[in-house]
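We count ligands from 1, going down the list as the structure has it; atoms in each ligand are counted the same way.
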Amino acid sequence: MKLAKSFFTDEQQKKVKESIENAEAQTSGEIVVHLDDKCDEDVMDRAAYIFDFLNLQKTKHRNGVLFYISIEDHKFAILGDAGINAVVEEGFWDTTRDIVISNFKEGEYEKGLSRGIEEAGRRLKEHFPFTEDTRDELSNDISFGKNESK
Ligand code: CA
């Protein structure tokens, strides 16, 4: 089993990054992708930990979104910040999650992630449009690994 760092080729990583850039060109929301080798705990607990670790809770409008993937055990989660939860209906991320998972099931990981990011951007835009003072607050590069001691 490939580990997180070698899971995507350089070309695929670039595509994911471009998807994030394209999505963020439409919204003040921040999208971050994190890949773990494996996840020994509940995936939502782990995603919440990484969310904090990568400072997603520090965006101006509290509208960061984490796409969390654990390679070895096939765990996936989408976690949005408080600013998003305050304005959207329950199940807001369901369509995005479905797009990602249906592609993952076909083994289309980069495509699934990119399409999911695209969809997340579209959905965020409805509530958090890009404005003149929108800044890129968090890195668009994929984050890797356990990160406990960064
Ligand atoms: Ca960003």
Side-chain angles (χ1 to χ4, degrees), residues 2-39 43-71 75-104 108-150:
K2 276 190 190 175
L3 297 181
K5 198 113 198 185
S6 56
F7 187 68
F8 287 128
T9 64
D10 289 350
E11 185 61 27
Q12 287 173 323
Q13 287 186 39
K14 214 174 123 204
K15 281 190 183 168
V16 171
K17 185 178 181 177
E18 280 169 6
S19 300
I20 295 174
E21 287 168 352
N22 290 337
E24 290 187 0
Q26 306 176 59
T27 174
S28 63
E30 286 286 331
I31 297 170
V32 174
V33 173
H34 179 90
L35 266 60
D36 265 349
D37 293 344
K38 68 194 282 241
C39 171
V43 66
M44 289 312 288
D45 289 346
R46 178 66 185 165
Y49 174 83
I50 293 294
F51 193 96
D52 276 4
F53 188 83
L54 296 175
N55 292 323
L56 267 103
Q57 79 286 14
K58 291 193 177 156
T59 63
K60 189 175 169 191
H61 299 289
R62 297 296 304 264
N63 55 4
V65 183
L66 175 68
F67 282 69
Y68 174 88
I69 302 165
S70 167
I71 307 297
K75 289 180 182 173
F76 172 65
I78 300 176
L79 188 59
D81 203 357
I84 302 170
N85 296 337
V87 294
V88 304
E89 73 279 13
E90 193 158 336
F92 181 73
W93 296 117
D94 288 357
T95 41
T96 308
R97 190 179 293 118
D98 290 349
I99 289 169
V100 175
I101 288 175
S102 66
N103 279 280
F104 280 9
E108 301 274 8
Y109 295 100
E110 179 275 317
K111 191 170 114 188
L113 199 46
S114 290
R115 293 227 168 129
I117 290 163
E118 197 180 304
E119 171 69 11
R122 206 165 23 232
R123 305 234 57 202
L124 281 170
K125 182 181 155 186
E126 297 165 20
H127 300 278
F128 303 96
F130 188 94
T131 63
E132 240 174 45
D133 58 357
T134 295
R135 300 281 176 270
D136 189 16
E137 298 174 86
L138 298 167
S139 171
N140 302 329
D141 289 315
I142 298 176
S143 161
F144 294 105
K146 288 283 188 184
N147 278 329
E148 264 84 2
S149 58
K150 198 164 98 181

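Checked against the Ca ion (ligand 1), the N, O or S atom of D136 at the shortest distance is OD1.
Residue S139: no N/O/S atom is found under 3.0 Å from the Ca ion (ligand 1). The nearest N, O or S atom of E24 is closer to the Ca ion (ligand 1) than 3.0 Å. When distances to the Ca ion (ligand 1) are checked against a cut-off of 3.0 Å, E21 contributes no N, O or S atom below that limit.
Between F7 and Y109, the ring planes lie perpendicular to each other; the angle is over 60°, past the 30° to 60° tilted range. Relative ring orientation between H34 and Y68 is described as parallel, the plane-to-plane angle staying below 30° on a 0-90° scale split at 30° and 60°.
The environment of E132 atom CD is sparse: at most 12 non-hydrogen atoms of other residues, nucleotides or ligands sit within 6.0 angstrom.
F67 is listed as a side-chain neighbour of T96, based on a closest heavy-atom distance under 4.5 Å.
Nearest heavy-atom pair, R115 versus I99, reported as atom, atom and distance to 0.1 Å: CB-CG2, 3.6 Å.
If you put the vertex on the Ca ion (ligand 1), O of L138 and OE1 of E30 sit 90° apart, to the nearest 10°.
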